[in-house]
Amino acid sequence: MASHANRARALSFDTVATQYAATRPGYPPALFDAVEELASRALVGADVLDCGAGTGIATRLLRERGARVVALEPGAGMAAELRRAEPEVPLVRGEGNRLPFAASSFDVITYAQAWHWTDPVLSVPEALRVLRPHGVLALWWNQADVRVGWVAEEEDRLAPFTRGFPTTVAELFAPFPVRVATREITWSRRLTVEEHIRNLGTHSHFVVMDPVERAELLGANRTELARLFPDGELDEPYRCGLTVVRSATTQA
């Protein structure tokens with residue numbers, strides 16, 4: 001992680017691990033289809049390292065695709081929730097800047113909603129070291145789709161407390177001997193207004209906020225959403241940005 005402050009913020013998720021597991025979105029099947037296409041291999045039978053695995057949301061979905069997954073997670077609270085949800089998955093405490101694995105250990109390394117907590121100067125060489133020849137590094141994020149009117153309005157209400165991420169991070173890999181491919185998958189999920197608010201409350205900028213200020217801000221947002229969605233339900237739309245990286249010294 002790039003700094004002490006960044007590390008402290010990343011580990012703040014430990015305090016909301018149960019809520020995180022219950023309310024954070026998963027990822028659509030089309031995302032894993034795209035990972036397989038860009039990796040030029042199926043996930044079935046692949047040895048996958050899921051870095052920053054959190055409570056195991058992506059870990060579970062990778063296993064459902066037939067991958068043999070090892071989870072890497074720095075936070076004690078998140079790791080405990082992952083262990084509860086996925087007791088059969090090998091779980092290692094650690095972080096992407098210093099991967100505690102031998103060279104050429106994995107076919108695929110994934111970061112679901114987690115790469116931004118690393119320092120690419122360290123985490124890229126570490127990923128390339130631990131990947132096997134022809135292996136790939138796959139990074140992805142669910143990003144609220146602000147092309148949808150109510151989402152854009154919500155972003156405005158919550159700014160400057162929200163933190164967005166680019167749909168890809170391809171430019172970060174320019175200094176390294178790698179080839180990069182990107183995709184975007186749009187999808188949505190149906191949930192209640194209250195579930196949406198609880199999901200927002202697991203984002204690090206709200207976790208570290210003063211509790212009174214957080215309650216006021218999310219309460220005002222809840223009131224506006226209740227006005228917009230009087231039946232109490234909404235479709236939460238996402239743009240899932242995928243970046244797949246492989247060494248430039250191997251053939252696709």
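Being a predicted model, the structure only gives us computed values, none of them experimental. Hydrogens, waters and symmetry mates play no part in the numbers below; they use all other heavy atoms, side chains included.
Val193 and Phe206 end up in the same hydrophobic cluster when Ile, Leu, Val, Met, Phe, Trp and Tyr side chains are linked at under 4.5 Å. Both Leu61 and Met78 are part of a single hydrophobic cluster, where members link through side-chain heavy atoms under 4.5 Å apart. Ile197 and Leu234 fall within a single hydrophobic cluster, where Ile, Leu, Val, Met, Phe, Trp and Tyr are joined by side-chain heavy atoms under 4.5 Å apart, directly or via other members. Side-chain heavy atoms closer than 4.5 Å link hydrophobic residues (I, L, V, M, F, W, Y) into clusters, and following such links, even through other members, never connects Val121 to Phe173. Val148 and Leu191 fall within the same hydrophobic cluster, defined by Ile, Leu, Val, Met, Phe, Trp and Tyr side-chain heavy atoms under 4.5 Å apart, directly or through other members.
Listed here is the closest heavy atom pair of Cys51 and Leu99: SG-CD2, 3.9 Å. Across every non-hydrogen atom of Arg93 and Pro74, the tightest pair is NH2-O, 2.8 Å. Of all the heavy atoms in Val89 and Val69, the pair that sits closest is CG1-O, 3.6 Å. Shown here for Leu128 and Val178, the closest heavy-atom pair between the two residues is CD1-CG1, 3.9 Å. Nearest heavy-atom pair, Leu72 versus Gly96, reported as atom, atom and distance to 0.1 Å: CD2-N, 4.2 Å. Annotation for Leu82 and Ala71: closest pair CD1-CB, 3.9 Å, computed over non-hydrogen atoms.
Between the side chain of Arg239 and the backbone N or O of Thr186, no donor-acceptor pair lies under 3.5 Å. With hydrogens and angles disregarded, no donor-acceptor distance shorter than 3.5 Å links the side chain of Thr59 to the backbone of Thr55. Side chain of Ser105 to main chain of Phe101: no donor-acceptor pair is present (N/O by atom type, distance under 3.5 Å, no hydrogens or angles). A donor-acceptor pair is defined here as one N or O able to donate and one able to accept, closer than 3.5 Å; no such pair exists between the side chain of Glu95 and the backbone of Thr118. A side-chain donor-acceptor contact under 3.5 Å links Gln113 to the backbone of Asn142. Remark: side-chain polar atoms of Asp210 are paired, donor with acceptor, to backbone N or O of Glu213 under 3.5 angstrom. When atom types are taken as modelled, the side chain of Glu86 and the backbone of Gly56 share no donor-acceptor pair closer than 3.5 angstrom. Using a distance-only test at 3.5 Å, with no hydrogens or angles considered, a donor-acceptor pair links the side chain of Arg246 to the main chain of Leu38.
Distance OG/Ser204 to CE/Met209: 10.0 Å, rounded to 0.5 Å. Once rounded to the nearest 0.5 Å, the distance linking CD of Glu194 with CG of Asn199 reads 11.5 Å. To the nearest 0.5 Å, atom CZ of residue Arg132 and atom OG of residue Ser104 are 8.0 Å apart. A distance of 8.0 Å separates CG in Leu137 from OG in Ser123, rounded to the nearest 0.5 Å. Rounding to the nearest 0.5 angstrom, the gap separating the OG atom in Ser247 from the CZ atom in Arg179 is 7.5 Å. The CD atom of Glu195 sits 12.5 Å away from atom CG of Leu200, with the distance rounded to the nearest 0.5 Å.
Counting only N and O atoms by type, the side chains of Arg24 and Thr202 include a donor and acceptor under 3.5 Å apart.
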Given Ile109 and Val48, is the side chain to side chain contact (heavy atoms under 4.5 Å, CB included) satisfied, shown in steps?
-> CA-CA 6 Å; Ile109 296 175; Val48 177; over 6 Å; no

Please report the C-alpha distance between Leu225 and His196 in whole Å, then the side-chain angles of each, then the deciding distance to 0.1 Å, and finally whether the side chain to side chain contact (heavy atoms under 4.5 Å, CB included) criterion is met.
-> CA-CA 10 Å; Leu225 292 178; His196 174 73; 3.5 Å; yes

Given side chain to side chain contact (heavy atoms under 4.5 Å, CB included), test Val108 with Asp47 step by step and report yes or no.
-> CA-CA 6 Å; Val108 182; Asp47 290 314; over 6 Å; no

Report the C-alpha separation of Leu242 and Trp141 in whole Å, then their side-chain angles, then the decisive distance to 0.1 Å, and conclude whether the side chain to side chain contact (heavy atoms under 4.5 Å, CB included) test is met.
-> CA-CA 7 Å; Leu242 168 67; Trp141 287 267; over 6 Å; no

Verdict with supporting geometry, Arg84 and Glu81, salt bridge (charged side-chain N to carboxylate O under 4.0 Å, His left out) = CA-CA 5 Å; Arg84 185 197 64 76; Glu81 189 65 31; 2.8 Å; yes

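Between Trp150 and Phe229, the closest side-chain pair of non-hydrogen atoms falls below 4.5 Å. Contact of the Pro25 side chain with the Trp187 side chain is registered, since non-hydrogen atoms from C-beta on lie closer than 4.5 Å. Put simply, the side chain of Leu49 reaches to within 4.5 Å of the side chain of Phe106, judged on heavy atoms. At least one side-chain heavy atom of Val169 sits less than 4.5 Å from a side-chain heavy atom of Leu139. For the pair Val244/Thr182, no side-chain contact is recorded, criterion being any heavy-atom separation below 4.5 Å from C-beta on.
Aromatic ring orientation, His205 versus His203: tilted (interplanar angle from 30° to 60°). Aromatic ring pairs are classed by plane angle as parallel below 30°, tilted from 30° to 60° and perpendicular above 60°; the pair Tyr20 and Phe13 is perpendicular.
Between Trp140 and Phe32, the ring center distance clears the sub-6.0 Å criterion.
Salt-bridge annotation for Arg190 and Glu236: absent, with no side-chain N of the basic residue lying under 4.0 Å from a carboxylate O of the acidic one. The pair Glu36-Arg41 fails the salt-bridge criterion, with no side-chain N (NZ, NE, NH1 or NH2) lying under 4.0 Å from an Asp/Glu carboxylate O. Taking the charged nitrogens against the carboxylate oxygens, Arg129 and Glu126 do have a contact shorter than 4.0 Å, which makes a salt bridge. Salt bridge present: Arg65 and Asp33 bring a charged side-chain N and a carboxylate O closer than 4.0 Å.
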